[in-house]
Amino acid sequence: MPWRRPEAGAWGVMVSEFMLQQTPVSRVLPVYEQWLARWPRPADLAAEAPGEAVRAWGRLGYPRRALRLHGAAVAITERHGGDVPRDHAQLLALPGIGEYTAAAVASFAYGQRHPVLDTNVRRVFARAASGIQYPPNATTAAERRLARALLPDDEATAARWAAASMELGALVCTARNEDCGRCPVARQCAWRLAGKPAHDGPARRGQTYAGTDRQVRGKLLAVLREAVGPVPRAVLDRVWDEPVQRARALDGLVSDGLVEPLENDRFRLPLT
DNA sequence: GACTCGTGGAA
DNA sequence: TTTCCAAGAGT
């Protein structure tokens, strides 16, 4: 992956982590390349209108991430001299960076020792160590303890371990159709040794996208991304025929800062 | 802890 | 066709 090359730098790692939050690698790749070519440093992005970040985000989904990445670039420029901070707590204080992303940037970009617990690693640990097919819906204290216990002591080794355990989950120990034949720890895997018992308990609740506010928001924002200038409400009205839900979705976008209302019932991506 | 927040490819 | 889900964060 381009964000694993040394020349990607901390900013490249950070951009990739934002984009990879809930979005598959194959869809991130082209947008990542365009993004880094256009905004090679945090200050370059910080100098842009936030709406440009939202526009360049394209169809990656969850566009609030674009807004937060822009906000993080501004904060880095103002508070950290334009350099992505190395300190975990300072990373965590940036908008859009939570427990996982702070550890990922500190580990992948700066080679530090942090437990990196994403959905891939959690699945690997659930199977190899706990003997269950899938991890709990939300990360538990027990999972964090396990991750800390398994993390190698040496800093450089820990950073390599973080990347390796994630790759193992992403490429081999996948959610469906896991490939135990390629797994380096298959002989020690508690789940495999137990005969791969199927996940019990409640199924992870499905999302059901059709007809939700999220779908309406997506349609509204798609129109605004493509528009050059301000868009009249009448144009936005065409994306959804149910007026109450349509208004609620647009209001939500405005209150999230993804859309800026103008005079005369017109709208655009935010300039400030 | 429960919910919200996009999108599209694969099973 | 429907379901599942992909390197989470914020409220």
Report task. Please list, chain by chain and in numerical order, all residues satisfying side chain to side chain donor-acceptor pair (under 3.5 Å) with A:Glu226, sequence neighbours excluded. Result -> none

**Report entry** Rounded interatomic separation in angstrom, taking CD from A:Glu17 and C1' from C:dG8
**Finding:** 10 Å

Report task. Using a strict cut-off of less than 4.0 Å between a Lys/Arg side-chain nitrogen and an Asp/Glu carboxylate oxygen, indicate whether A:Asp153 and A:Arg113 qualify as a salt bridge. Result -> yes

Query raised in the report: In terms of side-chain geometry, is the basic nitrogen of A:Asp251 or A:Arg248 positioned less than 4.0 Å from the acidic oxygen of its partner?
Result: no

Distance-only check: which donor-acceptor pairs under 3.5 Å involve side-chain atoms of residues 24-33 of chain A, not counting sequence neighbours?
| from | atom 1 | to | atom 2 | distance (Å) |
| --- | --- | --- | --- | --- |
| A:Arg27 | NH2 | A:Arg59 | O | 3.2 |

Requested in this report: Please name all residues satisfying side chain to side chain contact (heavy atoms under 4.5 Å, CB included) with A:Val223, sequence neighbours left out, ordered by chain then number.
Outcome: A:Val231, A:Val235, A:Leu236, A:Val239

**Report entry** Set of side chain to side chain contact (heavy atoms under 4.5 Å, CB included) partners for A:Thr139, sequence neighbours left out
**Finding:** A:Leu117, A:Arg122, A:Glu143, A:Arg144

Query raised in the report: For A:Gln133, which residues count as a side chain to side chain contact (heavy atoms under 4.5 Å, CB included) partner, sequence neighbours excluded?
Result: A:Arg127, A:Trp191, A:Ala198, A:His199

Query - Between C:dA9 and B:dG8 - P atom distance, rounded Å - result: 23 Å

Report task. With C1' as the reference atom in both, quote the distance from B:dG1 to C:dG8 in angstrom, rounded to an integer. Result -> 16 Å

Query raised in the report: Which residue pairs pass the ring pair (Phe, Tyr, Trp, His ring centres under 6.0 Å) test when at least one of the two sits in residues 152-188 of chain A, sequence neighbours left out?
Result: none

Requested in this report: Between A:Thr139 and A:Arg217, name the one whose nearest nucleotide on DNA chain B is closer to the 5' end.
Outcome: A:Thr139

Report summary line: From the candidates B:dG6, C:dA6, C:dA7, the one with an atom nearest any side-chain atom of A:Pro24 is C:dA6

Query - Rounded interatomic separation in angstrom, taking CE from A:Met19 and P from C:dA7 - result: 17 Å

Tabulate atom names and distances for all N/O pairs under 3.5 angstrom spanning the protein and nucleotides 9-11 of chain C.
| from | atom 1 | to | atom 2 | distance (Å) |
| --- | --- | --- | --- | --- |
| C:dA9 | OP1 | A:Gly98 | N | 2.9 |
| C:dA9 | OP1 | A:Thr101 | N | 3.0 |
| C:dA9 | OP1 | A:Thr101 | OG1 | 2.6 |
| C:dA9 | OP2 | A:Tyr100 | N | 3.4 |
| C:dG10 | OP1 | A:Gly96 | N | 2.6 |

Report task. Using a heavy-atom cut-off of under 4.0 Å over every strand shown, decide if A:Trp57 touches base, sugar-phosphate, or nothing. Result -> nothing

Query raised in the report: Is the phosphate of C:dG8, meaning OP1 or OP2, less than 4.0 Å from a side-chain N or O of A:Gln22?
Result: yes

Detail all sub-3.5 Å separations between protein N/O atoms and N/O atoms belonging to nucleotides 9-11 of chain B.
none

Query raised in the report: With a 4.0 Å cut-off on heavy atoms, is A:Arg4 in touch with a base, just the backbone sugar-phosphate, or nothing at all?
Result: base

**Report entry** Residues touching DNA chain C, which here means a heavy atom under 4.0 Å, drawn from residues 149-162 of chain A
**Finding:** none

Report summary line: Here the distance between atom C1' of C:dA6 and atom CG of A:Leu20, to the nearest Å, is 9 Å

**Report entry** Protein-nucleotide distance (A:His199, atom NE2; C:dC4, atom P), rounded to Å
**Finding:** 12 Å

Requested in this report: Quickly work out the A:Trp3 CH2 to C:dA7 P distance and round it to whole Å.
Outcome: 12 Å

Query - Between C1' of C:dA6 and OH of A:Tyr32, the distance in whole Å - result: 19 Å

Requested in this report: May I have the distance from A:Gln245 (atom CD) to B:dC5 (atom P), rounded to whole angstrom?
Outcome: 10 Å

Query raised in the report: Roughly, in whole Å, what's the span from CG in A:Leu60 to C1' in B:dT7?
Result: 9 Å

Identify every side-chain donor-acceptor pair in residues 77-97 of chain A under 3.5 Å, counting partners at least two apart or on other chains, and give the distances.
| from | atom 1 | to | atom 2 | distance (Å) |
| --- | --- | --- | --- | --- |
| A:Thr77 | OG1 | A:Ala73 | O | 2.7 |
| A:Asp87 | OD2 | A:Ala89 | N | 3.2 |
| A:Asp87 | OD2 | A:Gln90 | N | 3.1 |

Query raised in the report: If we take the C1' atom in both C:dC4 and B:dG6, what is their distance in whole Å?
Result: 15 Å

Query raised in the report: Mind checking what makes side chain to side chain contact (heavy atoms under 4.5 Å, CB included) contact with A:Arg192, not counting sequence neighbours?
Result: A:Cys180, A:Ala186, A:Arg187, A:Cys189, A:Lys196

Query raised in the report: C1' atom, B:dC5 versus C:dA6: distance in rounded Å?
Result: 15 Å

Just list the side-chain donor-acceptor pairs under 3.5 Å for residues 263-271 of chain A, sequence neighbours left out, or say none.
| from | atom 1 | to | atom 2 | distance (Å) |
| --- | --- | --- | --- | --- |
| A:Asp265 | OD1 | A:Arg233 | NE | 3.1 |
| A:Asp265 | OD1 | A:Arg233 | NH2 | 3.2 |
| A:Asp265 | OD2 | A:Arg233 | NE | 2.9 |
| A:Arg268 | NH2 | A:Glu260 | OE2 | 3.4 |

Query - A:Gln22 side chain vs A:Gly61 backbone, donor-acceptor pair below 3.5 Å - result: no

